[in-house]
Amino acid sequence: MRRIDALVLLSALHQGKLVSAKDVPRGVGPEFARFFETKTSFACIGNPTITLSPSQINDNSCDCPDGSDEPGTAACAYLDALSPEQPLPGSLTGTTNTTNSLPGFWCANKGHIGSYVPFMYVNDGVCDYELCCDGSEEYAHVGGVKCENRCASIGKEWRRVEAERKQSKERSIKQKRSLESQAEGLRQGLEGKLVLLKKDLERLEANKEELQKKFEDVERAERGKIVKPAGQGGKLGILVGLAKTRVAELRTALDKVLDQRDDLQDRVDKLEDILRSLKEEYNPNFNDEGVKAAVKGWEDYAASNDGEKKSDVSDVDVMDALKEDSETSGVNWAEFEAGEESSDADIVYNLEAYLPTILRDYVHDKITLLRVWLIENGILADTPTGSGESRLVAAAREALDAAKSEVTTTTSTIEETEREIAKDYGPKAIFRALKDKCVSTDVGEYEYELCWMGQTTQKSKKGHGNTSMGSFVRIDHEAADEEERADGKGLGKGQRMVLRYENGQGCWNGPNRRTDVWLACAEKDELWRVSESEKCVYRMEIGTPAACEDVGEPGVYGKDEL
């Protein structure tokens, strides 16, 4: 079939009174029938002051400036507003620089859909079944051509295809609604996460402030302690060192004694088992005084011990004594070792060690406050430990640093979540449901891949590596103007979403690659075509349910994009 570039209008019935097809001249469409109602005269549609007789209609001569008197012939096919003036034999106007008021020759196409055929196709000896399936435009049989009426079969096939298209459209819309639902769920999930994160941040901020206060309190309190580097000290310090060493030696000796006791106990248990077996198994009638004496001795031994081993010290007590000294068990040597003893007089600062428990904490706090006041006012020197701070201060600082780190991490997560919520994911944020999912297609020696809201990539099939063709930047809209494809895999005509992927890998001696991703409605995500519109600028055409237009009520659709 010939390609038709001229404007073809499908039937659009006029809202007013329509005249029967039998009462109008050949080629008149239903919406123009009212202009041909009068049987006595005809007024040109575009120039009603010019009237003609009925015999001048379809007489193969342009008598109206707008060609409206020739609805069924090709006589006025070349009327054009841009044509120069020229004589037109038999015409009242004598010029051709005008516009035809009629859209073309009307084919009723009973059993299918009526349509207009360009006047130049009328009686040209070609059957234009794609526009005029009933063959009525070749009524003169030029060159012996007779076009049969194929509207029954063509109409049936058209209705089948349209039914499939409608079903496909319904499935596509269903898929789109599912994506929208998923996207909404993801958005709500992010918003819920954001609420929880902000609550966590409030808690962490409060915890950080509390730990900051504790750290400052510990640091201030520790400054009131007299601390001396290891290896130095007065009499108390030396005594503490000797006592610690002696306790360690006694603990080691006790551990060895405990091992020896366990070994001896094992031997006693074995001997008792031997004697017990001897008593139970010997023959009393056998006259062996040595055996009888041994049995008698075992009976006396067993009676005196009553079968139990008595001990004033339990194993639990011994094991407790063997535990290493720490802040929670044994002797807390750190309390004594931490005291600076530059002179024996400094023992006064540990006065509370000799006080009753009831007064010890009270006096300790007062002495510490006094020392802090003396240090802060320059009366007493502040001598730190060799590490620069006590273990209490170090622990408080570590806890504070950990709290600060948690606050920083949570704040960063909140900011990232807010950016994600605010990011443009298209109408109803539908592309949020597709994020990071990919579609691809093979083109020659390459595989091209699009990852939604991610990257476009060119992959070599020969193992030459991958090339970035751009990263997602924004969503735009542009007008597409393409003929409908038979398979439906095309952009068609109208506004389309275009995803911009930019800042890809640089071309040799050229700019960075970028990709314009054009979207059209389809049942599933599918990369249809890839082309390079100009150097390092790629064009992808993709079908996806996300690009389908919204519908109102079920079964009512807007502009068809399939």
Side-chain angles (χ1 to χ4, degrees), residues 165-166 168-187 190 419-441 443 448-458 468-485 487-504 513-534 536-552 556-562:
R165 285 165 59 87
K166 181 179 179 181
S168 177
K169 181 73 172 179
E170 291 173 349
R171 290 192 294 268
S172 300
I173 293 299
K174 185 176 180 180
Q175 287 293 327
K176 179 182 180 181
R177 288 174 176 168
S178 176
L179 289 174
E180 290 175 343
S181 177
Q182 294 176 39
E184 177 63 16
L186 291 171
R187 183 190 63 80
L190 287 172
R419 286 195 297 270
E420 179 66 16
I421 292 174
K423 189 174 181 180
D424 181 12
Y425 279 100
K428 297 186 179 180
I430 192 169
F431 291 108
R432 195 188 300 278
L434 293 174
K435 183 181 179 183
D436 296 329
K437 294 180 181 180
C438 304
V439 290
S440 62
T441 189
V443 179
Y448 291 91
E449 180 182 70
L450 162 87
C451 291
W452 297 106
M453 321 312 283
Q455 286 192 332
T456 50
T457 308
Q458 181 190 65
S468 170
M469 298 164 58
S471 299
F472 174 75
V473 175
R474 66 185 182 279
I475 300 175
D476 285 339
H477 290 80
E478 281 194 39
D481 187 16
E482 297 181 0
E483 293 296 328
E484 296 288 343
R485 294 173 61 94
D487 59 5
K489 297 181 178 181
L491 299 178
K493 301 178 185 294
Q495 287 291 113
R496 299 291 180 263
M497 271 193 291
V498 183
L499 309 185
R500 307 295 186 187
Y501 286 70
E502 300 177 356
N503 304 314
R513 290 174 171 83
R514 67 180 178 88
T515 309
D516 295 332
V517 181
W518 288 70
L519 306 181
C521 181
E523 286 188 47
K524 62 180 181 179
D525 294 342
E526 187 175 8
L527 204 170
W528 293 331
R529 282 169 291 282
V530 181
S531 59
E532 190 171 2
S533 55
E534 56 184 275
C536 303
V537 178
Y538 302 89
R539 174 188 172 106
M540 286 184 174
E541 296 180 17
I542 292 182
T544 174
C548 295
E549 290 194 355
D550 293 332
V551 298
V556 180
Y557 299 94
K559 181 174 56 183
D560 189 1
E561 292 187 2
L562 283 178

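Values below: every heavy atom of this structure, side chains too, minus hydrogens, waters and symmetry copies. Fair warning: this is a prediction, and the values are worked out from it, not measured in the lab.
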Check your understanding: Which one of Thr456, Thr544, Val498 satisfies the side-chain contact (heavy atoms from CB on, under 4.5 Å) criterion with Val517?
Key -> Thr456

Review point. Do you know which of Leu434, Asp525, Ile173, Ile430 makes side-chain contact (heavy atoms from CB on, under 4.5 Å) with Pro545?
Key: Asp525

Quick check: closest heavy atoms across [X] and [Y], and the distance to 0.1 Å?
{"X": "Met469", "Y": "Met540", "answer": "CE-CE, 4.1 Å"}
{"X": "Ser172", "Y": "Cys521", "answer": "CB-SG, 3.9 Å"}
{"X": "Lys493", "Y": "Glu484", "answer": "N-OE2, 4.3 Å"}
{"X": "Cys451", "Y": "Tyr501", "answer": "O-OH, 3.2 Å"}

Exercise for review: Could you give me the CA-CA distance, side-chain angles and deciding distance for Arg500 and Glu478, then say whether salt bridge (Lys or Arg N to Asp or Glu O under 4.0 Å) is met?
Suggested key: CA-CA 12 Å; Arg500 307 295 186 187; Glu478 281 194 39; 2.4 Å; yes

So, [X] side chain and [Y] main chain: donor-acceptor pair closer than 3.5 Å or not?
{"X": "Lys428", "Y": "Glu180", "value": "no"}
{"X": "Gln175", "Y": "Leu179", "value": "no"}
{"X": "Thr515", "Y": "Gly470", "value": "no"}

Point to revise | Cationic N near anionic O, under 4.0 Å, Glu184 to Arg187 | key: yes

Point to revise | Side-chain ion pair, Glu502 and Arg474, N-O less than 4.0 Å | key: yes

Revision key, fill the gap. Sequence neighbours excluded, the answer for side chain to side chain contact (heavy atoms under 4.5 Å, CB included) partners of Ser440 is Glu447, Glu449

Review point. What residues, two or more places apart in sequence or in another chain, satisfy side chain to side chain contact (heavy atoms under 4.5 Å, CB included) together with Thr441?
Key: Val443, Leu527, Val530

Review point. Do other residues, nucleotides or ligands put more than 12 heavy atoms under 6.0 Å from the NZ atom of Lys524?
Key: no

Review point. Run the salt bridge (Lys or Arg N to Asp or Glu O under 4.0 Å) check on Glu420 and Arg432 step by step: do they pass?
Key: CA-CA 10 Å; Glu420 179 66 16; Arg432 195 188 300 278; 3.5 Å; yes

